[in-house]
Amino acid sequence: MTRPGSYFSGSNDHGLSRRGFLGATAAGAATFAADTRLDGFKSEALAAELRKQNKNVILLWLAGGASQFETFDPKPGRPTGGPYRAIPTNATGVHISELLPRIAARMQHTAIIRSLYTKVTDHGGGATLMETGRRPAPGFSYPDIGAVVARELGRIDSQVPDYVSMYTSTEGRRKGTSGFLGARYSPMFLAENMVPENIRRLETISDIDHRDRAALRDVLAKRFNQTHQSSTVASQTTAYHRVRGIMASEKLFDIEQEPEAMRQKYGPLQFGQQCLIARRLIEAGVPFVKVARAWWDSHGQNFETHRELCADLDQAMSALLDDLAERGLLENTLVITLGEFGRTPNINASLGRDHFANAWSCSLSGCGIRGGVAYGRTDEDGHNVADGPVKAGDLFATILSALGIDPESEYYLGSRPLPLADFGSKAVKEVLA
Amino acid sequence: MALSDPTKLKKVRDFGVSGIAFCVARTPASGQLYFGHSDFKLYEVDALAEKPEPKAFTAAGHESYVTGVALSGKQIVSGAYDGRLIWWNAESKEVVRTVEKAHELWIRRFATSPDGALVASVADDMLAKVWDVESGKLVFTLKDHQTLTPNNYPSMLYAVAFSPDGKWLATGDKTGHIAIWEVATGKKVGELEAPVMYTWDPRQRRHSIGGIRSLAFSHDSQLLAAGGIGTIGNIDHLGGPSRVEVFDWQKGERKHEIEDSKLQGLVEQIEFDPSGKWLLAAGGDHGGFVTFYDVATGKMIHQDKAPMHVHQFAINEDHTEIFAVGHGRIAHFDFKSDRPAPPAAPPLPESA
């Protein structure tokens, strides 16, 4: 039986495994870690093995809702299709919008899902649904995909953040949430600058003083732990152990460390620069990085908006895929493009498209993904899914499966088991390697 | 000949067309219209018929939105987002000539020279090209507009207009840059800036909207008007003031900055009155507008809603009627004066 409010995922032998783990550890930090282990010994070994594989996720969040017609599900010549052509990709039979020529030339890395069927068409509700893979339920604060991945793939001894989220535009800005997983898995959130704020040592404190203070705090915490069992203190200890690593991570956000030629590949725009930072972060061991590119909400002038933003996406994402592949990182890094919904087939009088969640698209590239695939089908005008509907939970399960995480494994909130992907979700096997 | 009176503006009729009509040309002294459509086709319709019935050109033609159409004698020239120019026989509707890759990117607009001999096209390759209508040959390629905006995004070249005397050509882009060209030589002779037409949102949404969408010279060729939209707070929508700037272009002076926040949106086309008293601006957002401004003062004379976002209109010879095409509709407006037109001046004696 777990303590109310505690959480862990587990199989039937979870309780035994947890006791075993507790018995094998004494340090406060490890005690906290035991509270948050996934499975028992058997699965813990798998979890450890999974962590050793250094798998990562880069989520390119297309905030505001990109149009599937102008990205991954073009309908040229149809009344809903808009003016842009479909172009062939280097995957036989797969065509995407002419606004994404560089991505088209790299389709061997990418699977498109064209049959998202998620129904929620308000920005907040749609974002929550797609970030957590399920609709909100009273009394629960679900973690988003970043927090789940951070928890499942983050290493306890990591010196870098587990979850970094960049969202510099203000419209629709969302920090991300670790929900019931707790603050340990909250994102390091960059909103105003490309470099994290407030992680530098104060100039009034010398490095020696800073280290001494940490050592003193450690001694006091250990002494406290000898007579008290407190997950709160354990959590704080874990956090403090990461302080110097996080302070040292500042240079990861400095793209001036990259050669000029590399910076040019990502382009001069902020989104590209943030994608380059994302690569630097995952290369350093950060398991989840979200780069939000806002704002695709093209109620007016949809085609002009996508002409701009698709050019941005095309350069940044293609540079990212190339860079990851050349470094041998792509096979362990899942790159996702996703937003809160797509856009209407109907073109309004302002030449815009409105919110639409009945038949829209996303892409998955790299780790665990069968590239060159377009899964699902919409009808000829893109009004409905004609084949292979994929719900938010199914996409969540697909992402986890691509990373080697069992989407059916469970967290326990009190005595209530909660599968990592929503009840009844199924991964789209056709896009998995 | 009838006189115009902007205060008499009224919609005579309108009728529906499926999809979007982007451009229009009119057979002189008639209601016979040719319009380019979002279904990639050209259409013909008699807008004065009791029951107008648009008929599509059936020959294979364009492969994207048709955004430019010009009528010169018995030839029709069309341009589209496919970058292609097509010459059609106006009677048989057969394709006479096709110029593949006339532009590398999307053709946004056409203008026809007053004598009908030349057509100018502008496209997102940021080039203006002048074509000989009779031969189909490229006369000039005019290069001045930057391919990227100041914020490093792709720019767009939206607007083009010939002066009524045929000597000058103006082109206008997304960032508000205007170039004026001498038609005889293809040389740039002037430039103007209308940066308010371009809204860049650096913080909330991090992209842009706007641009110069229409240009027109006054009939003495001294003034150049540019149309578009003013600064927009929320660039998700066309929720900004319709905007016209009027320049004495040879002096490089801005004479008027006119904005209207009552009927908002893009000014898609402008036309000057031959007498120089008024200019007519039409466009829209989710709705549409037709607005007259006093050229001398820049004040609004009269305005009415259009039944749709107006993308372009054709004006009659007297400048008393327009046939507007746009989102899902075609509308015929009339603004004839109640006053009788003065008798035509007698011919001058041959000895004079």
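Every chain is numbered from 1, with letters handed out A, B, ... down the list of sequences.
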Could you tell me which non-hydrogen atom of B:F323 sits nearest to which non-hydrogen atom of B:A47, and how far apart they are? CD2-CB, 3.8 Å

Among A:T378, A:T118, A:D73, side-chain hydrogen bond (donor to acceptor under 3.5 Å, both in side chains) partner for A:W360: A:T118

Heavy-atom pair with the smallest gap, counting every atom of A:L190 and A:P196: CD2-N, 3.7 Å

At a cut-off of 3.5 Å, what donor and acceptor atoms pair up between chain A and chain B?
residue, atom, partner, partner atom, Å
A:P83, O, B:S64, OG, 2.4
A:E98, OE2, B:W106, NE1, 3.2
A:T170, N, B:R203, O, 3.0
A:E171, N, B:Q204, O, 3.0
A:E171, OE1, B:R205, NH2, 3.3
A:E171, OE2, B:R205, NH2, 3.4
A:E192, OE1, B:R203, NH1, 3.3
A:Q270, OE1, B:R206, NE, 3.2
A:R293, NH1, B:R206, O, 3.0
A:R293, NH2, B:Y153, OH, 2.6
A:R293, NH2, B:R206, O, 2.9
A:W295, N, B:R205, O, 3.0
A:W295, O, B:H207, NE2, 3.2
A:W295, NE1, B:D236, OD1, 3.4
A:W295, NE1, B:D236, OD2, 3.1
A:H299, N, B:D236, O, 3.1
A:G300, N, B:D236, O, 2.7
A:Q301, OE1, B:R213, NH1, 3.2
A:Q301, OE1, B:R213, NH2, 2.7
A:E304, OE1, B:R108, NH1, 3.4
A:E304, OE1, B:R108, NH2, 3.4
A:E304, OE1, B:Y158, OH, 2.4
A:E304, OE2, B:R108, NH1, 3.4
A:R307, NE, B:D124, OD2, 3.4
A:E308, OE1, B:S208, N, 2.8
A:E308, OE1, B:S208, OG, 3.2
A:E308, OE2, B:S208, OG, 2.4
A:D312, OD2, B:Y153, OH, 3.4
A:I347, O, B:H327, NE2, 3.4
A:A349, O, B:H309, ND1, 3.3
A:S350, OG, B:D285, O, 3.3
A:S350, OG, B:H286, N, 3.2
A:S350, OG, B:H286, ND1, 2.6

Shorter than 4.5 Å, heavy atoms on both sides: which option in A:G267, A:G300, A:P83 has the most such pairs with chain B? A:P83

Which atom names give the shortest non-hydrogen contact between A:T71 and A:C310, and what distance separates them? CG2-SG, 3.9 Å

Considering non-hydrogen atoms only, spot the tightest contact between B:A324 and B:V310 and give its length. CB-CG1, 3.9 Å

By a 4.5 Å heavy-atom criterion (distance strictly below it), what part of A:I347 contacts chain B: side chain, backbone, both, or neither? both

For A:I336 and A:C362, what are the C-alpha separation, side-chain angles and deciding distance, and is it a side chain to side chain contact (heavy atoms under 4.5 Å, CB included)? CA-CA 8 Å; A:I336 306 166; A:C362 68; 5.6 Å; no

If you compare all heavy atoms of B:A102 against all heavy atoms of B:L85, which two are closest, and at what distance to 0.1 Å? CB-CG, 3.5 Å

Select one option (side chain, backbone, both, neither) describing which atoms of B:I232 are under 4.5 Å from chain A's heavy atoms. neither

